[in-house]
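Everything on this sheet refers to the single structure shown next.
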4 protein chains.
Amino acid sequence: MTEKQTSILKAALELFAQEGFKSTSTSKVAKRAGVSEGLIFRHFDNKDGLLQAIIQQGEERARLLFADIVLETDPKEVVRKTLEMGKKTSMVKEEADFWKLQFKIKWELEQYGAYKMEPLLNALINAFIKLGYDEPELEANFLTVFLDGLATRFYLDKTFDMDAVLNFAKAKYGV
Amino acid sequence: MTEKQTSILKAALELFAQEGFKSTSTSKVAKRAGVSEGLIFRHFDNKDGLLQAIIQQGEERARLLFADIVLETDPKEVVRKTLEMGKKTSMVKEEADFWKLQFKIKWELEQYGAYKMEPLLNALINAFIKLGYDEPELEANFLTVFLDGLATRFYLDKTFDMDAVLNFAKAKYGV
Amino acid sequence: MTEKQTSILKAALELFAQEGFKSTSTSKVAKRAGVSEGLIFRHFDNKDGLLQAIIQQGEERARLLFADIVLETDPKEVVRKTLEMGKKTSMVKEEADFWKLQFKIKWELEQYGAYKMEPLLNALINAFIKLGYDEPELEANFLTVFLDGLATRFYLDKTFDMDAVLNFAKAKYGV
Amino acid sequence: MTEKQTSILKAALELFAQEGFKSTSTSKVAKRAGVSEGLIFRHFDNKDGLLQAIIQQGEERARLLFADIVLETDPKEVVRKTLEMGKKTSMVKEEADFWKLQFKIKWELEQYGAYKMEPLLNALINAFIKLGYDEPELEANFLTVFLDGLATRFYLDKTFDMDAVLNFAKAKYGV
DNA sequence: AATGAATGAGTCTTCATTCAT
DNA sequence: GATGAATGAAGACTCATTCAT
């Protein structure tokens, strides 16, 4: 990955996250990245390839993000870390852009990519089993649905008080 | 609202919901609506005006949808009806398109429009007060977040079993 | 066929004939036709559609051109008119462009379109039968091959003296 | 001429013959030749230089091809060999490509290069003189025109039966 | 109200060519 | 000699919008 490749990816990430994939022209990406437009196509074949490259990075980041949770043995910690995932991924601007884009793309492409969540889901199921919940699987699913809602609100609703709801949720689960 | 105006709005709704706002050209809308392209601009000024008209319809529909819940006096019924809102709005194809579009647009425009939810939120708060919940406001917020997650999953994750999670949630709230 | 459509077709014909299909940009065509570039696509779908429109015109013109020969009853006249076809089609500039383009395209697309020649070929076979030639079919084929050579030379070889060779050929066939 | 130079020329020949000069990108040539794109420009300056190199090769090959005819003393053999030139040059795939390209280029560049044919033309004139033809010069010209037609048909008309017409022509000339 | 021809700016993409290594 | 990253201009095509009818 050369320096210019990185700057293209960075510029694309920012713009796609801000304006959306379709609304961002390759010429804008090139301008912000400080490279010629042609270079985008040499490295990523086409605009879609650029998006795919970003999505792939997303999968890697997701794996990294999940690793910390999946490897946790204390079930309460699993639940707590899962809930706080959203906060963790929104502190740094670049990272916030990144995850926002992942959600935006989901709606623009109408692909959820449930498989990416599977490791996390399993970790949650295990945790709920250990914690003696009656229906650990449903409980885990419920929680991931809530997380999706959390992201939606966090990224779209400027008036949303994430901390309050988050603390409330943590209390609910006793974590 | 003339007949042609209606058919333009209908065509736009379908296409925007399927392909997204940016990806749908006015010419496609005109073709599907069976009218000339120029007519769209005479009636809605520009492409954005067309979107605004649809969004406005959305607000009216939302009010209608919420009315049934807001007017309910039995608190359990309020919670139950709220939870089942998603199912109710996804039975008819045209309606499913409609609500899907509302979510798509939220992400494309990055406007949540929290004010639209206020009547529902208040109804929920009241219900939770009546039901004796400790923190009715947070409880209500938590529930709306969950609902947003539910919509996300329902519209994007083909493998998602909404009924299972929904029944589980209803059991949780004892409704 | 509106006025602008005609002027697009005319400009395209000239340019394709002069510079070749691939080497002529749609923007050049638009400029010469005095219309916006977009209009080309509204009327002919794509650059290829523009070419097809010209080719189709070509087929019609060819039918017209052949009609005079095919309807001729005097066999000597059939042969003579066939031989002079080349001269006839090269007097007016616009027509010369047109037929030159037909040949250019053949080489660019590698399609001969033998079926277009069939009526002429049959007329020639009949003529040679009437004239008592031993192998009328081969004789007719030989003549059409010669005609193709004539066109090649006429359009490409500036030093070529068509009249001399043509008179010689006419003498050969006694017409 | 280094090995890489040769492979560039070979790749260019094949591609230009198949797709045409304008339609073949230098990057395609480089890829097929298995060299970097830059190397083409180091060796041939620009895309046009590449074409010129191929054309020049064409002249050498033409000289070689004509030599056998020009040096022939038997006039009948001269005519026969001339007629069979087309067949001879189309047996080997690489050679067929080569001559096809020469014709394609003629039409793309609109340069006939009559001077290349001169030695052959003179040989034919001489032959027709020896054979006692009335107008040897015109006869020779007529024959070369026919040859151009033969090539046109052979390369473009898939349904064309070259052997039949060729044998007929040979019979005509009694060779 | 309604049409559809027409526009011009913009989109993604290709391509010949250059240049540092 | 050889590579391949990088460029800038140009290519085909799309699209929101206007306007005469």
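Within every chain, numbering begins at 1; the chains are lettered A, B, ... in the order of the sequence lines, protein sequences first and strands thereafter. The analysis underlying the following values was restricted to heavy atoms, covering all of them including side chains, and did not include hydrogens, waters or symmetry mates. These figures come from a predicted structure and were not determined experimentally.
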Between B/S23 and D/Q5, whichever has its closest DNA chain F nucleotide further toward 5' is D/Q5
Does a side-chain N or O of A/H43 approach OP1 or OP2 of F/dA5 to a distance below 4.0 Å, or not?
no
Please test B/E37 against B/T26 for side chain to side chain donor-acceptor pair (under 3.5 Å), starting from the C-alpha separation and ending with a verdict.
CA-CA 7 Å; B/E37 208 176 342; B/T26 49; 2.9 Å; yes
Mapping D/S25 and B/S36 onto DNA chain E by nearest heavy atom, which one lands closer to the 5' end?
B/S36
Quick one: the dot-bracket string of DNA chain E, using Watson-Crick and G-U wobble pairs with both distances under 3.5 Å, [ ] for crossing pairs and | for bases paired to another strand.
.||||||||||||||||||||
Charged tip of A/K47 within 45° of A/F21 ring normal and under 6.0 Å:
yes
Value for CZ (D/R61) from OG1 (D/T89), rounded to nearest 0.5 Å, stands at 10.5 Å
What is the nucleic acid contact for B/T24, judged by heavy atoms within less than 4.0 Å: base, sugar-phosphate only, or nothing?
sugar-phosphate
Looking at side-chain heavy atoms only, is the closest gap between D/D97 and D/K93 below 4.5 Å?
yes
Between B/F103 and B/K100, is there a cation-pi geometry (under 6.0 Å to ring centre, at most 45° from the normal)?
no
Judged by each residue's nearest nucleotide on DNA chain E, which is more toward the 5′ side, C/K22 or C/E3?
C/E3
Residues touching DNA chain E, which here means a heavy atom under 4.0 Å, drawn from residues 7-20 of chain C
none
Atom pairs, protein N/O to nucleotides 17-20 of chain F N/O, distance under 3.5 Å:
| unit_1 | atom_1 | unit_2 | atom_2 | d |
| --- | --- | --- | --- | --- |
| F/dT17 | OP2 | B/K47 | N | 2.8 |

Side-chain N,O (D/K4) to OP1/OP2 (F/dT3) below 4.0 Å
yes
Closest-nucleotide mapping onto DNA chain F: is A/L39 or C/K28 further toward the 5' terminus? I mean the 5' end.
A/L39
